[in-house]
2 protein chains.
Amino acid sequence: MGKPTVHDIALEAGVSLATVDRVLNGRPGVRQKTQDRVQSAILSLGYVRDLSAANLARQRQYRFVFVLPEGPGQFVASLHSALREAMEVQRADRIDVRILAVPPHDPHQVVRALGTIDPGEVDGIAIMAQETPQVRDAIDRLAAAGLAVVTLVSDLPDSDRDHFVGINNIAAGRTAALLMGRFLAPATGKVLVVTSSLLARDSLERRFGFDAVMAYEFPEVDVLPTLEARDEPGRMAAIVSAALVAHPDIVGIYSVGSGNKALLEALRRIGRPAGLVVIAHELTPHTRAALETGEIAAVITQDVGHLVRSAVRLLRAKCDGLSIIQSQERIRIEVLLRENLP
Amino acid sequence: MGKPTVHDIALEAGVSLATVDRVLNGRPGVRQKTQDRVQSAILSLGYVRDLSAANLARQRQYRFVFVLPEGPGQFVASLHSALREAMEVQRADRIDVRILAVPPHDPHQVVRALGTIDPGEVDGIAIMAQETPQVRDAIDRLAAAGLAVVTLVSDLPDSDRDHFVGINNIAAGRTAALLMGRFLAPATGKVLVVTSSLLARDSLERRFGFDAVMAYEFPEVDVLPTLEARDEPGRMAAIVSAALVAHPDIVGIYSVGSGNKALLEALRRIGRPAGLVVIAHELTPHTRAALETGEIAAVITQDVGHLVRSAVRLLRAKCDGLSIIQSQERIRIEVLLRENLP
DNA sequence: AAGGCTTTGAGGTACGTCAATCAGATCGTG
DNA sequence: CACGATCTGATTGACGTACCTCAAAGCCTT
């Protein structure tokens, strides 16, 4: 016979359909004793409620909001487009996703944007933002109001978010260091580390992991202090060429965050030392092209499509009180070389 | 207002519900003229049929069969367990997956197993098998009978399968070569290639890609002919130690297919040259441990959970005539180092 | 225009669940 | 034991679709 239904439970427990329904949906008006009887019938029959029938009956709509920076960066652009692609498909699944774009590098704007979210109108949010106490408090408020919350790409571990969707950035930095060290060996020299900003938690964690492995595994290589380009045009070229002049023995460059386009352009203009090993993060049109030409040796990245799909699945699972497949939601630290580009 | 329903279409087209239903489900008894009227109403209203309601109404059950080798190998074992994990979740989705295990290395058994599948009882199959004309014909028969068919891990490109679920093995071999060359440089010497069998298409393709990149990019490294261990206990140790004696300048070993456990044990017993670089395929308990100890420098793998989930999604999409998200179904060639182990 | 054919309409039941009502049963308490 | 108060049962109507029947209407052909 097929899967047990509410009718079977009613029969097994010796109660009516209405009572089973009240127990299943946590409505009041059922004695503890009767509840137990129903629960044990559910267990013994192995009943699992048919979510699609339930959603059909109750006309359920999942309303999720993605709070994302709208920057000039290629990475957030690809996040946006992955999300839009996913939205198409999810409409069929009764999932309605809205994007709330906020100016980057401005936590105050993020807090304001979160304030505009009416907890009665929204079931869950995914947020990518820098870590500040104000942002954390705004998130906690929404979580307290019953929203499902996941952090995206860059975590806010001290907040009340339900999940973090993204890679372990310390491990990502360690992976970058391992590749850098092995690609360089047995050559020695200095490694330059550049990024647009060290304010974001993900950049910090990558740098931390990178330094740890470089110091322990490749002590003969000298890692220079991080230079920040702060998304200012021209600044990346200036700091990179200054560093190359100051340290003629630079053999590697590790690009921690965004700003790959500027870095690549700067290297093209000022010329690169022979055998220079460049390792960068995030697959974008620029890093892809540079992998193909050999300007970048390896890119460490996370699949943006996977990110958004995982975030949506987690939000949905939270709303329905469902369990998740751990392995499906673990975002992989992908190592991309010229030969395994997707 | 919400999404349009069949009622709205009937109204818009000026026909009855029954007629809309006949058109939607391709039942006979509707004049071409009326069909067109209904179709244009569907288009103008942007109607999309609610699959979950439809499946509920028709009591649909997707019945899929996975035809997998049951070998001693860790990789197929992990495939089995990933599949069993996925089955739990998919039961809630009206998806019923059965595993049909066949003895490995015996195409005849595969054909026999496929013959036991009643096309009336099954909606789709996923199959992992060696490429022979008989297997191909058996697959074509099932496809002709209307089953959805995907090949898993190792493709049968000349068959009528709908999709291949797995990595591009040529690219995987190229990736292995690029890593091997860069990890070795500037050292030169010989690279040993071992596998359990070159009969499977995936092994062949990997070897092909590996050779291409080694010859073109690292001509100073000498790649030895492939040695096959054929899953015979003891044979791996014998051929590896013989090779190491015959070629004292072996600097790298590329393990194309299964047999990693035997390879690692052999190396432990007979001792390994200093600086030896070992690159292997597929993450298993053995390769994971060896990555952690440093015995293996890199593992190239594919996520088995992703494999089975993708296969199920593709089979379902085929059954429903739905479109798919290309990027979600592309299995990534994962490069695993000690630091980015999942 | 009568015959036979195809096409269409109207209506019903079902799928598994949610949600609501109202009447009846049971309970604890004084 | 009678009183509200609290539980429970029986029933009904959604939700959007599938599938079936029966009768009515339309269309040809002769």
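Letters A, B, ... mirror the listed sequences (proteins, then strands); counts begin at 1.
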Inset, instruction - Kindly point out which of C:dG16, D:dC19, D:dT17 is positioned nearest to the side chain of A:Ala57? - result: C:dG16
Legend entry - Gap between atom CG of B:Leu11 and atom OG of B:Ser16 - 0.5 Å precision: 11.5 Å
Legend entry - CZ (A:Arg112) with more than 12 external heavy atoms under 6.0 Å: no
Legend entry - Pairwise 5' ranking along DNA chain C for A:Leu24 and B:Thr19, keeping only the more 5' one: B:Thr19
Inset, instruction - Apply the side-chain contact (heavy atoms from CB on, under 4.5 Å) test between A:Leu152 and each candidate in A:Leu68, A:Ile127, A:Val67; give the one that qualifies. - result: A:Leu68
Inset, instruction - Looking only at side-chain atoms of A:Leu56, point me to the closest of D:dC15, D:dC19, C:dT17. - result: D:dC15
Inset, instruction - Confirm from the modelled atom types if B:Arg31 and D:dG26 form a donor-acceptor pair under 3.5 Å, side chain to base only. - result: no
Inset, instruction - Name the residue closer to the 5' end of DNA chain C, choosing between A:Ala54 and B:Gly14 according to the nucleotide with the nearest heavy atom. - result: B:Gly14
Legend entry - A:Val6 side-chain proximity, nearest of C:dT17, D:dG16, D:dC19: C:dT17
Legend entry - Base of C:dG9 paired with side chain of B:Arg22 (donor-acceptor, under 3.5 Å): yes
Inset, instruction - Measure from the side chain of B:Ser16, starting at C-beta and using heavy atoms only, and say which of D:dT17, C:dG9, C:dC18 lies closest. - result: C:dG9
Inset, instruction - Please confirm whether B:Arg60 makes a cation-pi placement over B:Tyr62, using NZ or CZ under 6.0 Å from the six-membered ring centre and within 45° of the ring normal. - result: yes
Inset, instruction - With the side chain of A:Ala18 defined as its heavy atoms from C-beta on, choose the nearest nucleotide among D:dA10, C:dG9, C:dT17. - result: D:dA10
